[in-house]
Amino acid sequence: MLRTLISRTGQTLLVLLAVSAIAFVTFRYVGDPVQLMVREDASFAEKERLREQLGLNQPVYVQYGRFISRVVCGDLGISYRNQRPVRDMLTERLPATLELVFVATVLALGIGIPLGIYSAIRRDGALARLLQLLSLIGMSTPAFVVGILLILVFSVHLKLLPSFGRGETVQVGWWSTGLLTASGWRSIILPAISLALYQLTLIMRLVRSEMIDVLSTDYIRYARARGLPRPYIHFKLALRNALMPAITVTGLQIGSLIAFAIVTETVFQWPGMGLLFIQAVTFVDLSVMAAYLLLVGLIFVIINIVVDILYVMLDPRLRGSAA
Amino acid sequence: MIRRGLLIGALAALMLAGTQAKSETLRWSSVGDVATLDPAAHNETFTNNLHLHVYDSLVRRDRNMKIEPALATSWERIGADRWRFKLRRGVTFHEGEPFNADDVVASVARMLDPGSRGAGNFPSIARAEKFDDFTVDLVLKGPYPLLLNDLCWLSIMSKPWMEKHDSLKPGNIAKNVTTYASTHANGTGPFIVESYQPDSKTVFVSNKKWWDKPTHNLTRIEFRPIKSDATRVAALLSGELDLVAPAPLQDLDRISATQGFKVVQEPSFRLIFLGLNWRPELLAMPGQKNPLLDLKVRQGLWHAIDIETIQKRIMRGKAKATGTLVAPQIAGYDPKLSVPYGYDPEKAKKLLSDAGFAKGFKIDLNCSNDRFIADEQLCVAIGSMWAKVGVEANVKTETRAAFFPRVDRGETDAYLYGWANLPAMDSISVISVVLASRKDAYGGNNPNGLSNARIDEIARAAAVELDEDKRIKLLQEALKIARDQVSIIPLHLQPVAWAMRSNLDVPQFPDEYVRLWFANLKK
């Protein structure tokens, strides 16, 4: 176990180095930050002076080297646009994104797994077929369309839920949470649904097909023949085996949820990291973009490690070969 | 019984108080958030706009865009390069510090600091000198007619406050320095910043001790930026906002058709025009002579544009077609120049064939797709209009972060651009930055070799001409040359549109600034 963790940490560092290097190479195609920082009628000399101050006239590898050496010291730099420390800006936004992703994941699992089980057990029922159809629609509708539809129905027409923002937040240490106020919960419903929808349908379909596979295996048939109670067979024997892939996918999907949150956060003006990143791209705020990509890369890697560990815990067969 | 009566009375009072407070809170949304609260740390029009609610300047624009006294009560020029300002007495900052000449001197020094992003907006000022507690001299680098125009945007901060928070100098990214002032504000203006949460909410409360008599009835402003157009409009219609400024053009009809909401719009200062390539060769036709160097070709391209159809179909009748480069309210505007070259494809073809291009030619046409109203559609339309007279335009659209550097590098043959003559609101801006040839501080936005000796001369002469009549004549002469020579092809003044609840009354300004100290919410 320990050896796995150490080798994983090494891999993590390599991945992060690669992510940030690729980011730096692509930055030059995003646009010219200087152009957006100076006033419209700035002279050529003014722009060059700023470029030099920011070190943007140096070759990419020099800029990258400086970035890495700063990051190693825990300094993520200062935002070009807002002139605030990027670390402050990210820690301000991180709770919003993580809470949104958390609620979306709970929704996806809490609804997706039961629906998947149901449609596996009653797979020829009318409701199960309808669910299959709906899940196809859910998977193929882009997140921003879902978001706008939800806003139109629940905010504009029914006037039930807020169309944007996070509601009232409460500060718990450095963490600002919206999960302790009524308006915070009202605000998170629509974005969480819109973010969860794809994952929900994915989990549902996955659980369904895995359950169907497991239910047709010999040991289940034998259990039935023995006359064991149905709930025991379905939930104790079948589900546990069917859940393995679902957990892998959910784990890996949390990473993509954080990435997908960019779209949802933009539609709902959810003040998380995704919105910060989109604004940064608009203004070619390189220091924010670099820090965001690094952080998301880090989160992805951590999730992968956690999923691996969970795997070992769930599946006794893997325990022996874990190292 | 009495107790119950009291209770009901208290409840009623409470509810009344609740509704009253609510009706005077204005919830306003815009597409982007304020970049920073530090007046010297940015260069954005919108950020500047928001700051005007908190920070006063020495002078300001009144409801008719005329310059009027603000923190300065009077001024006089006491030499070619020295102006003397008498300051208003009895003014206090939001946190209680009394206002005096030291604040002005410190604010000017801070704005002109090499680390300041805003320094470029005040090219003429050398320094401020205290004469006495309520008199300040501004020392200029030379004669300069537009000092007051510039001063409208110079926010006055409190010196003791800056000292207390170690913010006498602005933040500097190059040196990894940030300041307290980027997330806190302390001005003398009509509103006080109560809280600032980036990208989510900035709350202002009315400044009860403002030196001026308020004409607004707001007690509180909640500013909520919303990036997505659809969400911003939905939030207005669902009753979560009172004002959306600017409002997306494609939703205006829907909003004004909804009961309880209205749309206010008028042409802004921002001219949309086509810039041209004046170098020996076009990028689309390397190795051949640049057809655009022939005046007849440029006239032909202008005559080939069906501006009426563009106004009707693309701008939905909200923009104002123009033949000159500045809006009517801008100093230097000449009504004689304001009619565009008419749409006349036959004449266009004849001009092109007279110039030797009867078979037409190829040209690149570059546009942004996220900066100006309907920029992409405009380019596609102009491309097809030019095709009808035989000019094959290769239309390329891209995001503004890529488009503006391309234009600046001169990698275009024709490009769609905008110019508002802000913040000075004077023709000298377009003349010295867009029309004058690129040299020294001139021609910053003239990347493609446009050059006219007389315009260069005027740009330099008008910049130091202190006789206002003579100065206006010079500006008008330059604008006439630009039109006669088709230096650039003006299209229209793009509209500014705001959507709001019907019970809100707020004047609109062509500089697109939202000035909520003129706003009134009716019951």
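Labels below follow one simple rule: chain letters A, B, ... track the order of the sequence lines, proteins then strands, and each chain is numbered from 1. Owing to the predicted nature of the structure, the values given are computational and were not obtained by experimental measurement.
- The shortest non-hydrogen separation linking B:D199 to A:P271 is O-CB, 4.2 Å.
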- Do B:T231 and A:Q269 pass the side chain to side chain contact (heavy atoms under 4.5 Å, CB included) test, and can you show the C-alpha distance, the side-chain angles, and the key distance before you say yes or no? CA-CA 8 Å; B:T231 311; A:Q269 191 69 24; 5.5 Å; no
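- Proximity to chain A (any heavy atom under 4.5 Å) is shown, for B:R232, by neither the backbone nor the side chain.
- Residue-environment remark: NZ (B:K201) exceeds the threshold of 12 foreign heavy atoms within 6.0 Å.
- Among residue pairs with one or both ends in residues 70-83 of chain A, those qualifying as salt bridge (Lys or Arg N to Asp or Glu O under 4.0 Å) are A:R81-B:E44; sequence neighbours excluded.
- Annotation for B:R460: atom CZ counts as buried by contact number, over 12 foreign heavy atoms lying within 6.0 Å.
- Side-chain contact check for A:T282 versus B:R400: some heavy-atom pair is nearer than 4.5 Å.
- Counting heavy-atom pairs closer than 4.5 Å to chain A, the top-ranked of the candidates B:H42, B:R224, B:E398, B:R406 is B:R224.
- By the neighbour-count criterion of 12 heavy atoms within 6.0 Å, atom NZ of A:K159 is densely surrounded, having more than that number from other residues, nucleotides or ligands.
- A distance of 9.5 Å separates OG of B:S182 from CG of A:D88, quoted to the nearest 0.5 Å.
- Here the straight-line distance linking atom CG of B:L37 with atom CG of A:N82 works out to 10.0 Å at 0.5 Å rounding.
- Both the backbone and the side chain of B:P225 come within less than 4.5 Å of a heavy atom of chain A.
- Counting non-hydrogen atoms of other residues, nucleotides and ligands closer than 6.0 Å to CG of A:N57 gives a total above 12.
- Taken to the nearest 0.5 Å, the CG atom of A:L158 stands 11.5 Å off from the OG atom of B:S238.
- Residue contact with chain B, scored on non-hydrogen atoms closer than 4.5 Å, involves the backbone of A:S79 exclusively.
- Around CD of A:E168, the count of heavy atoms belonging to other residues, nucleotides or ligands within 6.0 Å does not exceed 12.
- At most 12 heavy atoms of other shown residues, nucleotides or ligands fall within 6.0 angstrom of atom CZ in A:F102.
- The contact between B:T183 and chain A is made entirely by side chain atoms (from C-beta outward), counting heavy-atom distances below 4.5 Å.
- Per-residue heavy-atom pair counts under 4.5 Å with chain B were compared for A:G165, A:P85, A:G55, A:S176, and the maximum is reached by A:P85.
- The two residues B:R117 and A:Y80 make their nearest non-hydrogen contact at NH2-O, 2.5 Å.
- Contact annotation: the side chain of B:E240 approaches that of A:S155 to within less than 4.5 Å [non-hydrogen atoms, C-beta and beyond].
- Only the backbone of B:V177 has a heavy atom closer than 4.5 Å to any heavy atom of chain A.
- Nearest heavy atoms, B:A230 versus A:I148: CB-CD1, 3.3 Å.
- Two residues are said to be in side-chain contact when any heavy atoms from C-beta on lie closer than 4.5 Å; B:P198 and A:R93 meet this criterion.
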- side chain to side chain contact (heavy atoms under 4.5 Å, CB included) evaluation trace for A:I278 with B:K227: CA-CA 10 Å; A:I278 281 288; B:K227 186 173 167 58; 2.9 Å; yes
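- Within 6.0 Å of CZ on B:F372 lie more than 12 heavy atoms contributed by other residues, nucleotides or ligands.
- Screening residues 265-287 of chain A for ring-ring contact (aromatic ring centres under 6.0 Å, His included) gives A:F277-A:Y292 as the qualifying pairs, with residues at least two apart or on separate chains.
- Contact count against chain B (heavy-atom pairs under 4.5 Å) is highest for A:Q53 among A:Q53, A:R166, A:E52, A:R49.
- With sequence neighbours left out, A:F27 forms a ring pair (Phe, Tyr, Trp, His ring centres under 6.0 Å) with A:F24.
- For B:D440, the part lying near chain A is the backbone, with the side chain staying farther off; criterion is any non-hydrogen pair under 4.5 Å.
- At a heavy-atom separation below 4.5 angstrom, chain A is approached by B:D33, B:V34, B:A35 within residues 28-35 of chain B.
- For A:V267, the parts lying under 4.5 angstrom from a heavy atom of chain B are both the backbone and the side chain.
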